Number of protein chains: 2
Amino acid sequence: MRQGYHATSIDDIARALGSTKGRVYHHFASKIDLFFAVHREGMKRLFDAVVPVVQKEDTGQSTLETLEAMLQAHALALLEHHTYESVVVQGVHLHRFGAMTPEERQTLDELIASRDAFESLFKGQLARLKKAGFLRHASVSVAAKTLLGGIQWSLVWYRPDQDTSPASRESLAREMVNVLMHGLVR
Amino acid sequence: MRQGYHATSIDDIARALGSTKGRVYHHFASKIDLFFAVHREGMKRLFDAVVPVVQKEDTGQSTLETLEAMLQAHALALLEHHTYESVVVQGVHLHRFGAMTPEERQTLDELIASRDAFESLFKGQLARLKKAGFLRHASVSVAAKTLLGGIQWSLVWYRPDQDTSPASRESLAREMVNVLMHGLVR
DNA sequence: GTCTATACTTGGATAGAC
DNA sequence: GTCTATCCAAGTATAGAC
C-alpha cells in the first residue's frame, strides 16, 4: 500500500513484521504469491460489501436507490479497507507485464476476471436504469467506469491516518456518492 | 506508461529507442530525472488544455457551462496525451517514497504543487457554483476530487490502441462529462 | 517455524574509446 | 553524441543450522 509492489522489498516486509526474509518465504512461495494473497483478500472484501446490497433489490426499494446503496457500500469499503484495496488497483498494471510463469499468469487472469465481475454488478444495475429512461447520454460501460472511477480515485488521495473515525469515513463516502448521484443540478 | 516507473529499466528505454544506455545517460542525469521531465511535460499539457477555458469565463457563458467545458477539455487532454498523463499519476505514489537527494525531493515537491494548482482551477469554479446554490450535499474539495477522479480513472482503463480516431476520443470524453454533470437524474 | 548466510540476477550508473 | 565494458548495490530466492 505504501510504496507499491516493485518498490517494496521482501526485506521491507520482514522488517515491518519484526522478523527476517526466512519467515516470509516459509509462508509464501514468491513475492508475487504474497501479492496475489493480498489482492484476493481485497476483492473478497469488495464483494462482501456490495453483493448483499444487490440481493436486497426485491425488498421494495427502487432500482435507483439500490444503485445508490451499492455505491455507498463500495465507497465505504474502499475507505475501511484502504490498505487492501490500494493493492488491488495495482493488479491492473501488473496485468500487462510480460515475464511470469504460466501458473502466475493464470492466477493473475483469475484476479482480473474477478475485477470484471465486480464491475458487472454495477453495469447490470445501470442497464436496468437505462431501460427506465435514465442515463440517456452515456453508455452503460462508460457510465460504470466513470462512476466507479470517481469513488476509486479516493485510493489515490485518501490518507487513512488523517481521519480515523468510522463516522467520518461514512460521511466522506456519502459526499462522494452524492456528487455522483446528483451531479451538478441545483 | 506501459510498465510503471520501477518495472521499466533504462535498458528497456534504450531498446525502445534502438540504442543503448549510454545515450540515455548522456541526456538525463538519472532515471528519476527522466521521469521528472516526462511528468513536467504531462502537467504542461493539462494546463495548456484547461487554462484557456477558464480564462474565457467572461465571454457570456455561465459558471456551470465553464465548469463543463473545463471537464471536457481535461478529459480530452487525458485521452489525447494518455502516454504522458499516465506517467503523471505515478508521481503521487513516488511522493511518499523516502530515499532521494534533497534536489530530487525539491523537484518532486514542485511537481506535486503543480498538481495541486491544477486541482485548484476546478475547486475555484466549484466554490463559485456552491455559492450559487449548487453542490449542497458535498464539500468543494471532495466534489473536485470525485469529479476529477471519474475522469482521471480513464488512465487506468483506457487503452489508446483500441480506438484511434480523434472524433471517438471526443465523444468518449463527452460521455464521461455527461455522467458527471447530470448524474443519474432522468 | 525462524534464523543466518549466501548464491545469483537485475539494473542503475560510470569510464573511456571512437 | 553514442557505443562497449564494467562496477556496484539491491533484491529475490535458497540452503541449512537451530
Side-chain angles (χ1 to χ4, degrees), chain A residues 1-42 83-84 86-111, chain B residues 1-42 83-84 86-111:
Chain A
M1 175 202 117
R2 282 208 281 267
Q3 305 183 321
Y5 179 76
H6 286 98
T8 305
S9 70
I10 304 284
D11 277 323
D12 289 337
I13 294 166
R15 200 174 311 123
L17 287 167
S19 76
T20 62
K21 278 194 240 252
R23 186 146 120 205
V24 175
Y25 277 104
H26 178 73
H27 292 279
F28 297 94
S30 66
K31 187 183 181 183
I32 199 140
D33 245 57
L34 172 49
F35 174 85
F36 288 154
V38 177
H39 191 293
R40 224 187 296 270
E41 174 64 21
T83 35
Y84 282 90
S86 56
V87 171
V88 167
V89 201
Q90 298 179 51
V92 190
H93 297 290
L94 266 72
H95 196 217
R96 297 157 289 138
F97 217 73
M100 37 176 75
T101 72
E103 294 86 30
E104 288 169 353
R105 188 80 219 168
Q106 200 194 335
T107 305
L108 192 48
D109 284 347
E110 282 166 26
L111 297 180
Chain B
M1 176 201 118
R2 283 208 281 266
Q3 304 182 324
Y5 180 76
H6 286 99
T8 305
S9 70
I10 304 283
D11 278 321
D12 288 337
I13 293 165
R15 200 174 312 122
L17 288 167
S19 77
T20 61
K21 278 198 242 250
R23 188 148 117 206
V24 176
Y25 276 102
H26 178 73
H27 293 279
F28 297 93
S30 65
K31 187 183 180 182
I32 200 142
D33 245 56
L34 173 48
F35 174 85
F36 288 154
V38 178
H39 191 293
R40 223 187 297 271
E41 174 65 21
T83 35
Y84 281 90
S86 56
V87 171
V88 168
V89 200
Q90 298 177 53
V92 190
H93 297 290
L94 265 74
H95 197 218
R96 297 157 290 139
F97 218 76
M100 34 178 75
T101 73
E103 293 85 30
E104 288 168 354
R105 188 79 219 169
Q106 200 194 334
T107 306
L108 193 46
D109 285 346
E110 282 166 26
L111 296 180

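Because the structure is predicted, anything quoted here is derived from the model rather than measured. Sequence lines set the chain letters: A, B, ... in the order given, protein chains first and strands last, and positions in each chain run from 1.
- Interatomic distance, CZ of A/R23 versus CD1 of A/I10, reported as 13.5 Å (0.5 Å rounding).
- Closest of all the heavy-atom pairs between B/M1 and B/S86 is CG-OG, 3.1 Å.
- Rounded to an integer number of Å, the gap from OH of B/Y25 to P of C/dA17 is 21 Å.
- When the P atom of C/dT6 is taken as reference, atom CG of A/D11 falls 16 Å away, rounded to whole Å.
- Listed candidates were D/dA13, C/dT4, D/dT2. Nearest to the side chain of A/K21 is D/dA13.
- Distance A/I13 CD1 to D/dA13 P: 11 Å, rounded to the nearest Å.
- No donor-acceptor distance shorter than 3.5 angstrom exists from the side chain of B/K31 to the backbone of B/S9, with no hydrogens or angles considered.
- Protein atom CZ of A/R23 is 21 Å distant from nucleotide atom P of D/dA15, rounded to whole Å.
- Residue A/G42 comes nearest to A/Y84 through the heavy atom pair CA-CB, 3.9 Å, listed as atom of the first residue, atom of the second, then distance.
- Residue whose closest nucleotide on DNA chain C sits further toward the 5' end, between B/K31 and A/H27: A/H27.
- Computed from coordinates, the A/F35 CZ to D/dT12 P distance equals 14 Å when rounded to whole Å.
- Here the closest heavy-atom approach between residue A/K21 and residue A/D11 is recorded as NZ-OD2, 3.1 Å.
- Whole-Å rounding puts the A/F28 CZ to D/dT12 P distance at 15 Å.
- The distance from atom CD1 of B/I10 to atom C1' of D/dT2 is 16 Å, rounded to the nearest whole Å.
- Among the nucleotides C/dT4, D/dT4, D/dT2, the one closest to any side-chain atom of B/T20 is D/dT4.
- Between the CZ atom of A/R15 and the P atom of C/dC3 there is a distance of 14 Å, rounded to whole Å.
- Closest approach to the A/S30 side chain among C/dG12, D/dC3, D/dA13 is made by D/dA13 (side chain taken as heavy atoms from C-beta onward).
- In this structure, of D/dC3, C/dG1, D/dT12, it is D/dT12 that holds the atom nearest to the side chain of A/S9.
- Residue-level contact check: A/S19 touches the backbone only, with heavy atoms under 4.0 Å from sugar-phosphate atoms and none from bases.
- For A/G22 and B/H26, each mapped to the nucleotide of DNA chain D holding its nearest heavy atom, the one lying further toward the 5' end belongs to B/H26.
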